[in-house]
Amino acid sequence: MKSLSAIAKELGVSVATVSYVYNDKWRENRIHPELAERVRQKLIKERGAPNTLGRQLQSGRTQTAGLLLPHLDQPYLINLLAGIEHRLSESDYMVLLGIAHTGGERQQIGIAERMLARRVDAMLICPRPAKDLDEFVAAVQPDARRPTVFVDNYVSGTSIPYVVTDNRWGARRAVEKLVGEGCRRIVFLGGNSAVAALQDRHAGYCEALRDAGLRRDKSLIIWRDAGDASALKTVRSLLRGSRPPDAIFATSYFRLLPFLKLLDEFRLRHPHDVLLAGFDKPMETWAAEIVRNVIEEPLLVVHQDAAEIGRVAVDLALSS
């Protein structure tokens with residue numbers, strides 16, 4: 001691959017001429033079509049590329065965007081990454097990916113600092129609650145030189161813009177569907193209660209119950225902050241009670257398999273015994289026998305277009 005300056009020297013033209021053809025701006029710069037075609041053919045043959053370092057020195061930009069995700073264990077996050085990468089590539093940007101591994105040794109603040117040290121032009125971050133969250137938010141507060149956008153989640157009380165699903169509306173519609181099917185004792189099964197987006201889903205759940213004239217029963221609201229073991233114990237107690245739940249609304253179908261096993265233990269089936277609703281499509285690995293035992297008809301799913309969320313986030317970041 002040759003630089004644009006090398007190609008210009010071989011053709012006996014200016015670097016500006018080659019650059020205009022490379023960026024498809026030869027018409028407005030009054031370059032003769034025959035010359036433009038000759039340059040274009042040379043670029044194709046030599047796989048010409050601009051002198052990236054020189055362009056960076058001139059513009060002060062690196063044409064890179066930092067992307068910080070908590071993990072890549074979910075198809076949703078993989079689709080989010082795909083949407084972000086595709087939109088960045090359309091703008092001649094490269095993505096610098098960091099994985100925080102929530103709960104591990106690598107913290108968000110450390111990765112964010114390393115991205116800043118590499119002079120990324122923009123940052124796209126899926127924030128997750130952590131001990132260093134205040135310091136983390138302070139480190140990535142947006143400025144004119146390096147716009148920052150939160151994606152999939154946000155941090156309340158900050159000026160950082162964010163792109164998320166309307167989680168409250170989605171949860172509300174899902175629970176309204178459960179109520180419309182005759183369900184009255186609906187379990188709310190949430191993930192980490194410190195995640196703002198999941199709090200919005202809880203708010204939608206509560207609003208749907210209120211609008212249906214149903215009392216919000218605190219015993220039916222289960223967060224998995226203390227891990228699956230504690231949540232499973234609570235659900236087991238409810239299933240054994242005199243008034244077991246007739247539906248479960250999950251903030252995500254991800255990692256719901258242990259709860260399906262519990263339903264199978266009680267010989268409960270969806271949708272005939274317990275109606276299930278939640279966000280995001282289950283993973284393909286759900287094709288286990290235990291899933292086929294419990295789920296007899298299609299699940300109620302609030303679908304999120306992760307790729308589109310990623311594309312919108314990139315547009316917001318690059319337009320800042």
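Residue indices begin at 1 and follow the sequence shown.
Residue-environment remark: CD (E34) stays at or below the threshold of 12 foreign heavy atoms within 6.0 Å. Atom OH of Y76 has more than 12 heavy atoms from other residues, nucleotides or ligands within 6.0 Å. Annotation: R216, atom CZ; neighbour count of heavy atoms from other residues, nucleotides and ligands within 6.0 Å does not exceed 12.
For the atom pair L238 CG and F266 CZ, the distance stands at 10.0 Å (nearest 0.5 Å). The line from CZ of F259 to CD1 of I222 is 7.5 Å long, rounded to the nearest 0.5 Å.
Within the 4.5 Å cutoff, the side chain of Y93 has heavy atoms near those of the L318 side chain. Within the 4.5 Å cutoff, the side chain of H202 has heavy atoms near those of the W223 side chain.
A donor-acceptor distance shorter than 3.5 angstrom exists from the side chain of N167 to the backbone of T165, with no hydrogens or angles considered. Under a 3.5 Å cut-off, the side chain of N153 and the backbone N or O of C126 do not form any donor-acceptor pair. Between the D121 side chain and the Q63 main chain, a donor and an acceptor come within less than 3.5 Å of each other.
Hydrophobic clustering (ILVMFWY, side-chain heavy atoms < 4.5 Å, transitive): I84 and M94 are in distinct clusters. Following chains of ILVMFWY side-chain contacts shorter than 4.5 Å, one can reach V95 starting from I78, so the two form part of one hydrophobic cluster.
The cationic group of R172 does not satisfy the cation-pi geometry with Y205, failing either the under 6.0 Å distance to the six-membered ring centre or the 45° limit from the ring axis.
With respect to the salt-bridge test (charged N to carboxylate O, under 4.0 angstrom), the residues D228 and R224 qualify. Note on R269 versus D264: salt bridge recorded, some NZ/NE/NH1/NH2 to OD/OE distance being below 4.0 Å. Taking the charged nitrogens against the carboxylate oxygens, R210 and E207 have no contact shorter than 4.0 Å, which rules out a salt bridge. With respect to E265 and K261, no salt bridge is recorded, no charged nitrogen being found less than 4.0 Å from a carboxylate O. By the 4.0 Å N-to-carboxylate-O rule, R184 lies too far from D217 to be salt-bridged with it.
Aromatic ring pairs are classed by plane angle as parallel below 30°, tilted from 30° to 60° and perpendicular above 60°; the pair F254 and H71 is parallel.
The closest side-chain donor-acceptor pair between Q74 and D280, if any, does not fall under 3.5 angstrom.
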